[in-house]
Amino acid sequence: MYEKHLMICGATGCLSSGSAKVHQALVEELAKHKLEKKCRLVMTGCPGFCEVGPIIVIYPDEVFYCRLKPQDIPELVEKHLLGGEIVERLLYKGPDVDAPARFYDTIPFYRKQKFNVLRNSGIIDPENIDEYIMRGGYRALSRALKMEPMEIIDEVKRSGLRGRGGAGFPTGLKWEFTYKAVGDKKYVVCNADEGDPGAFMDRSILEGDPHAVLEGMLIAARAIGSDEGYIYCRAEYPLAIKRLKTAIAQAEEYGFVGENILGYGFNFKFNIKEGAGAFVCGEETALLASIEGKRGMPRPRPPFPATSGLWGKPTVINNVETYANIPLILREGGLEEFVKIGTEGSKGTKVFALAGKIRNTGLCEVPMGITLREIIFDIGGGIKGGREFKAVQAGGPSGGCIPAEKLDLPVDYDSLTQAGAIMGSGGLVVMDDRTCMVDLARYFLSFTQKESCGKCIPCREGTKRMLEILERITEGLGKPDDLDRLQELASTIKDSALCGLGQTCPNPVLSTIRYFRHEYEEHINEKFCRSGVCKSLFDYFIDPELCNGCTRCARICPVGAISGERKETHVIDPEICTRCGSCVERCRQEAIKVTRVRREADVNH
Amino acid sequence: MSSEGATLIQQPEIDLNEVDALLKPYLGKKGMAIPVLQKLQERYGYLPRPALEYAAAQLKIPLSRLYGVATFYAQFKMQPRGRYIIRVCKGTACHIQGSPKVAERIEEILGIKVGETTPDLKFTLEEVACIGACALAPVMMINDEPHGRLTPDRIKEILDSYE
Ligand SMILES: Cc1cc2nc3c(=O)[nH]c(=O)nc-3n(C[C@H](O)[C@H](O)[C@H](O)COP(=O)(O)O)c2cc1C
Ligand code: FES
């Protein structure tokens with residue numbers, strides 16, 4: 001019998017901060033003390049708090065250790081595992097707690113979260129089906145197998161579940177259309193393309209709890225009468241693909257997948273398809289084309305996939321997180337629990353990826369209806385380095401930014417849309433006063449422009465023209481009528497583009513103009529970028545009041561633009577400076593400021 | 001959609017018997033174009049023209065169709081690439097935390113632009129839209145190794161650590 005369970009995060013975030021080396025150190029240290037039989041070491045899915053990774057949670061003691069390094073391991077093993085004593089030094093510390101925090105319930109990052117979809121992530125071994133079953137897994141499937149298709153669909157409809165992949169279409173309704181569609185063969189497809197840059201919810205679900213997605217798809221298949229499914233996963237997620245393959249093999253062995261599942265005469269087979277790097281393939285019709293081995297180009301709808309999908313057959317296509325919700329709804333008594341959470345129009349929870357200039361980056365799951373302020377300040381811990389919050393981008397390249405005055409907005413499908421953003425897949429990228437909103441709009445447009453498949457003219461040509469204007473503005477060549485022209489192009493593209501990519505890509509531009517018009521005007525009329533991002537529109541200067549002559553900036557400057565003696569005020573030569581910003585990062589005094597470019601006209605005065 | 005470098009690099013000879021063996025498991029099934037291309041690229045690091053021609057014939061689809069599929073997806077490359085593939089993340093989180101400056105510094109040091117390969121076939125510089133390590137932005141991958149929390153002045157040291 002194991003006495004201790006050590007759950008070490010093996011998801012991409014923690015791996016990037018070195019959890020593989022920590023794992024290796026633990027293996028060696030456990031062997032050294034002959035603890036392998038007493039302590040079980042598991043590489044789990046993401047517990048969410050990537051900022052403080054690598055993370056280990058020790059059960060049953062419920063202790064959360066973070067920011068671990070391989071050299072911390074001998075002490076951890078000695079004191080905690082052998083001595084039964086908590087290693088204070090390695091607990092969570094931060095400005096938001098008075099004393100080092102021991103477990104989830106005392107760490108502010110976790111306090112307002114509600115774990116539904118992430119119920120198993122970080123707790124079970126994702127490569128072991130028994131652990132999923134022990135936590136109630138596959139019970140919803142065995143219940144669904146006893147029900148009539150319309151009974152299943154009815155429960156999903158009553159749950160109010162809406163698609164988590166972007167548009168928020170009611171899932172039950174989609175299933176009903178597909179159930180009623182006529183076809184000798186039907187498909188169930190899982191959209192795991194997760195193309196929104198800055199979002200990683202689906203990856204974490206797949207890496208942390210792959211069986212939940214499989215179970216959801218199996219239930220969908222039973223409901224619509226399908227015997228074959230595809231999971232379309234982006235190739236950038238090799239670990240997710242590996243875990244899915246393992247999960248499918250184990251589920252087959254246990255009789256949850258294959259022929260005559262659990263003796264109910266129901267057959268189902270999974271296929272995994274790897275994406276090949278095209279954002280537009282997240283769009284459902286493009287995704288289906290890609291599975292068929294074609295260029296991933298969208299086509300007009302109708303016909304919707306529900307009637308004519310993969311190889312022309314009726315097809316249900318849902319997002320990863322949508323499927324992961326299904327077992328919660330279909331298990332005994334699950335529906336009643338599910339509808340208790342959320343708002344009138346948006347039921348359940350939503351997983352968000354917190355990134356950008358926020359203190360606690362990572363993944364969080366919250367009840368619908370929570371405010372953005374709670375997510376960003378209570379869970380996210382506010383802005384990094386105590387700077388000023390400027391805006392949050394929700395929904396990626398199809399979404400929009402939300403400014404400070406809208407922070408008390410409840411998070412649900414309808415209110416986010418009203419604010420000019422979208423729920424999207426759940427990426428929240430937080431921006432501070434050093435993010436330029438014009439540059440952000442340019443960034444998103446350059447993204448969608450590159451990813452435009454080129455099939456329809458509004459998207460192919462329109463995004464290009466919009467991008468040209470935005471590039472001009474950020475280079476200091478903006479003209480007074482540029483804003484009108486941008487808005488006109490934006491509304492034309494929205495109305496006339498073929499697919500969701502084109503129809504939504506003007507959103508980042510429109511929402512930044514709506515809330516940050518003054519920044520555009522400053523770029524155009526005053527040739528000034530106050531955030532210090534657009535290189536031709538600002539100079540750096542060193543505030544003599546703050547500079548203490550430490551020489552750090554002069555030493556880091558790659559072009560030798562900074563001069564000054566030790567302990568004396570330094571000066572930047574704007575003629576040489578390339579505005580790379582290295583000195584700003586280096587300066588401990590925050591003495592390097594952004595200022596307007598001194599132009600000939602100013603000098604002559 | 002994928003951008004290719006301007007430097008023309010000599011393409012090595014390839015053995016079509018090997019291509020034939022690689023293709024075997026995929027023949028006679030539906031929708032196999034992308035998996036086949038992925039397999040070829042996994043083997044050669046790019047898609048050699050003779051291999052594409054051979055695969056098109058085996059899959060019984062016109063070469064133009066296969067080429068159309070290959071050039072649509074960013075993953076597929078038509079030119080040989082370096083031993084080390086540097087992928088700088090251009091996702092939103094990385095962008096606002098300075099990944100353009102990181103990419104610029106790499107371009108300066110290696111003397112190549114994004115999409116290009118150094119003439120000694122050591123490094124290829126590419127961009128990727130989010131590898132899902134946004135918490136550590138800005139991020140780049142060199143082959144399978146992620147490097148997070150980058151600043152321009154750390155780049156030289158990191159590149160130098162690759163032989
Ligand atoms: C350009 C574009 C990209 C999309 N990318 C994704 C994606 O990465 N993941 C996803 O689940 N849905 C994505 N969608 C939404 C899908 O088209 C589709 O609505 C979704 O998979 C349906 O599943 P749901 O109802 O469960 O949300 C995208 C849509 C568009 C227009
Ligand atoms: S945006 Fe760079 S890793 Fe996600």
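A note on names: the letters A, B, ... follow the listed sequences, proteins ahead of strands, and every chain is numbered from 1.
Note that the CG atom of A/L363 and the SG atom of B/C134 stand 10.0 Å from one another [nearest 0.5 Å]. To the nearest 0.5 angstrom, A/D432 atom CG is 7.0 Å from B/I96 atom CD1. We find the CD1-CD1 distance between B/I34 and A/I291 to be 9.5 Å, quoted to the nearest 0.5 Å. Distance CZ/A/F200 to SG/B/C130: 7.5 Å, rounded to 0.5 Å.
The main-chain N or O of A/G296 is found under 3.5 Å from a side-chain atom of B/Y73 such that the two form a donor-acceptor pair. When atom types are taken as modelled, the side chain of A/Y237 and the backbone of B/I131 share no donor-acceptor pair closer than 3.5 angstrom.
Chain B forms more heavy-atom pairs under 4.5 Å with one residue of A/P558, A/G13, A/G362 than with any other, namely A/P558. Interface remark: of the candidates A/M431, A/K273, A/Q393, A/K273 forms the most heavy-atom pairs closer than 4.5 Å to chain B. Note: A/E274 leads A/E274, A/R434, A/E194 in heavy-atom pairs under 4.5 Å with chain B. With chain A as the partner, the residue from B/Q41, B/H147, B/R105 showing the most heavy-atom pairs under 4.5 Å is B/R105. Here A/C580 is the residue among A/C580, A/P397, A/S17, A/G396 with the most heavy-atom pairs under 4.5 Å with chain B.
Listed by sequence position, B/P152, B/D153 are the residues of residues 151-163 of chain B in contact with chain A, using a 4.5 angstrom heavy-atom cutoff.
At a 4.5 Å heavy-atom cutoff, A/A11 makes no contact with chain B through either its backbone or its side chain. There is no contact between A/C14 and chain B, counting heavy-atom distances below 4.5 Å. Heavy atoms closer than 4.5 Å to chain B are found in both the backbone and the side chain of A/S290. Contacts between B/R87 and chain A at a heavy-atom distance below 4.5 Å are absent for every atom of the residue. Residue B/V139 does not touch chain A at all, counting heavy-atom pairs closer than 4.5 Å. Neither the backbone nor the side chain of B/A137 comes within contact range of chain A, judged by heavy atoms closer than 4.5 Å. Interface remark: B/P100 contributes no atoms to any contact with chain A (heavy atom separation under 4.5 Å). With a threshold of 4.5 angstrom between heavy atoms, A/V533 does not approach chain B through any atom at all. Only the side chain of A/T435 comes within contact range of chain B, with at least one heavy atom under 4.5 Å from a heavy atom of that chain. Residue A/R359 does not touch chain B at all, counting heavy-atom pairs closer than 4.5 Å. Using a 4.5 Å cut-off between heavy atoms, A/L354 makes no contact with chain B at all. Contacts of A/E292 with chain B are made by backbone atoms alone, with heavy-atom separations under 4.5 Å and no side-chain atom involved. Neither the backbone nor the side chain of B/E108 comes within contact range of chain A; no heavy atoms are under 4.5 Å apart. Of the atoms belonging to A/I556, it is side-chain heavy atoms, and not backbone ones, that fall under 4.5 Å from chain B.
The nearest pair of heavy atoms linking A/G275 to B/Q75 is O-OE1, 3.5 Å. Between A/Y443 and B/T92, the shortest heavy-atom contact is OH-N, 2.9 Å. Between A/R295 and B/G68, the closest heavy-atom pair is NH1-O, 2.7 Å. Between B/A135 and A/T361, the shortest heavy-atom contact is CB-OG1, 3.1 Å.
Looking at heavy atoms from C-beta onward, A/K294 lies out of side-chain contact with B/F72 at the 4.5 angstrom threshold. With contacts defined as side-chain heavy-atom distances shorter than 4.5 Å, the pair A/C50/B/L136 does not qualify. No side-chain heavy atom of A/S16 sits less than 4.5 Å from a side-chain heavy atom of B/M141. Counting heavy atoms from C-beta outward, B/H95 and A/P197 have side chains that stay 4.5 Å or more apart. Annotation: side chain of B/Q97 is in contact with side chain of A/K384 (closest heavy-atom distance under 4.5 Å).
Residue A/K464 places its NZ atom among 12 or fewer non-hydrogen atoms of other residues, nucleotides or ligands, all under 6.0 Å distant. No more than 12 heavy atoms of other residues, nucleotides or ligands sit less than 6.0 Å from atom NZ of B/K39. Shown here is B/Y26, whose OH atom has more than 12 heavy atoms of other residues, nucleotides or ligands within 6.0 Å. More than 12 heavy atoms of other residues, nucleotides or ligands lie within 6.0 Å of NZ in B/K122, so this atom counts as buried by the packing criterion.
Ion pairing between a basic and an acidic side chain is recognised when a charged N comes within 4.0 Å of a carboxylate O; B/R149 and A/E51 show such pairing. Ion pairing of B/K101 with A/E585 is absent here, as no side-chain N (NZ or NE/NH1/NH2) approaches a carboxylate O to less than 4.0 Å. Using a 4.0 Å cut-off between charged side-chain N and carboxylate O, A/K450 and B/E127 make a salt bridge.
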